[in-house]
2 protein chains.
Amino acid sequence: MSLWRTIADHLRDDIARGHHAPGERLPSEAALAARFGVNRHTVRQALAALSDEGLVWSRRGAGVFVQAAPTDYPLGGRTVQFHRAIALAGRMPGRQIDFVATRTADAVEAEALALPPGAQVHVAEGVSLVDGQPVAMFRSVFPAEWLPALPDGLRETGSITAALDRCGVPAFRRAHTRITARVADATRAARLQARPGDALIRTEAVNVTPDGTPVERGLSWWLAARITLTVTPEGGGSDP
Amino acid sequence: MSLWRTIADHLRDDIARGHHAPGERLPSEAALAARFGVNRHTVRQALAALSDEGLVWSRRGAGVFVQAAPTDYPLGGRTVQFHRAIALAGRMPGRQIDFVATRTADAVEAEALALPPGAQVHVAEGVSLVDGQPVAMFRSVFPAEWLPALPDGLRETGSITAALDRCGVPAFRRAHTRITARVADATRAARLQARPGDALIRTEAVNVTPDGTPVERGLSWWLAARITLTVTPEGGGSDP
DNA sequence: CGATATTTGTTCGTATGTATC
DNA sequence: GGATACATACGAACAAATATC
């Protein structure tokens, strides 16, 4: 067996045993090379393998870190809201709204919200955080006509749910979610404090009031390394 | 505005208007260069932009093709089975089982199937197709002890559902699905007739019998460009 | 704040063992 | 056996980002 595989196995074992805690920095490549008595390249190849497995990640100039376990975010259940779902998983949710504006809807947005072409929508963009680390960037659009106070609400509360509540929409449910994936470009990677080429999960969701009127179309790009989406049917029917 | 952007916009428009149908080949780069009166490099830059957007894709020596619209595959509903879900969407499903074997379960598999450590499992690997094009590769593991005839069934029927039916498991439902994403490496890209660096959606699903006993743990890598996963709550509860 | 040391990322080059045709 | 390709391993140097003082 090759040297670098042996070293990778050794490190994988160390991490599994809790010798290096999630989020912590590994010894430097030079230190590991000295410890194993090999060239730095050989250590790098082992680390690259672990990085491919998603077990560690590196930041130039800073070091190699043990990847924290990705947070679960349930899609299917009743807890539509990001804050509550993450808090239930025992993590600290956060949301940061960077941009609020009002403009005319494009064709896709109008169709999703069941609006006539050319209708006005509020747009909110920002980043979702778990334990202070960005896990997703989002853009939400809302029908402007019957939610005139929404932009102020968003700016003041920093929360979509709270802002909708203020506008007289206390309850909503998810009509559907569409999931696809992309590779991060430089812009998105920077926004998520990740690297270009990282895998992103893209979700497009439409939330509706209890009577079925669309209130929000949310587009999110999730950093796949930091989050796992889960679907658990709560109704749970059998399937012949 | 730069020349290549203008050309990219032009081509995007042509595609949107249906001038080039999904799946069809675009004119060669040389032909496009002649048509727009520019150098081939300029056309290539425009095509690269469209390729980044996922609108077209190229195969060396073959040409540039308009990306077919991704198929929807519902995750949450009652139609767990790939065949039926794709057929319902009006496309032609296919499945190809490349490999069937029996071995001892690893720790993750044993836990997912609620088996004791070291238990035997059947493993099936293959590729899922839509309209003859690969959209996913999968690996399924099944508890071997109470499904002794499964490998033969898989080899003879080529269908997981049919093989399970033969083994006395006529019905099952999805207990949960976990979704994450990766970037395709060379091996997976080749298997999916895609390119390294393409985005993949990875799902891990556990199917259980009506009484809750796990029968299958399925791992799938979906080519994001060719499929969209959807989640539509059929129970549909409100969420305050 | 700026200077400096540390650390990862990248690119040369060289050499060796192994598998394949 | 010869020719070739490939993976592995080591060495040196530099670039770029980060940490530290």
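Chain A is the first sequence line, chain B the second, and so forth, proteins listed ahead of strands; every chain is numbered from 1. None of these values were measured; they are calculated from a predicted model. Worth knowing before you read on, the calculation uses all heavy atoms, side chains too, and leaves out hydrogens, waters and symmetry mates.
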Using a cut-off of 4.0 Å between protein heavy atoms and nucleotide atoms, how would you tag nucleotides 1-13 of chain C 5' to 3' with B, S and -? ------BBBBB--
Taking [atom1] from [X] and [atom2] from [N], how many angstroms apart are they, rounded to a whole number?
X     : N      : atom1 : atom2 : result
A/W4  : C/dT16 : CH2   : C1'   : 18 Å
A/L3  : C/dT18 : CG    : P     : 14 Å
A/R5  : D/dA9  : CZ    : C1'   : 14 Å
A/I7  : D/dT8  : CD1   : P     : 13 Å
A/N39 : D/dA12 : CG    : P     : 9 Å

[X] side chain vs [Y] backbone, donor-acceptor pair below 3.5 Å:
X      : Y      : result
B/R226 : B/P134 : yes
B/T157 : B/S159 : yes
B/N39  : B/T42  : no

Applying salt bridge (Lys or Arg N to Asp or Glu O under 4.0 Å), run through A/E53 and B/R182 and close with a yes or a no. CA-CA 10 Å; A/E53 297 169 26; B/R182 285 272 179 108; over 6 Å; no
Hey, mind stepping through A/D198 and A/R188 against salt bridge (Lys or Arg N to Asp or Glu O under 4.0 Å) and telling me if it holds? CA-CA 10 Å; A/D198 282 357; A/R188 285 200 242 276; over 6 Å; no
Looking at B/R35 and B/D14, is any side-chain nitrogen of the basic one under 4.0 Å from a carboxylate oxygen of the acidic one?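 Salt bridge flag = yes for B/R35 with B/D14.
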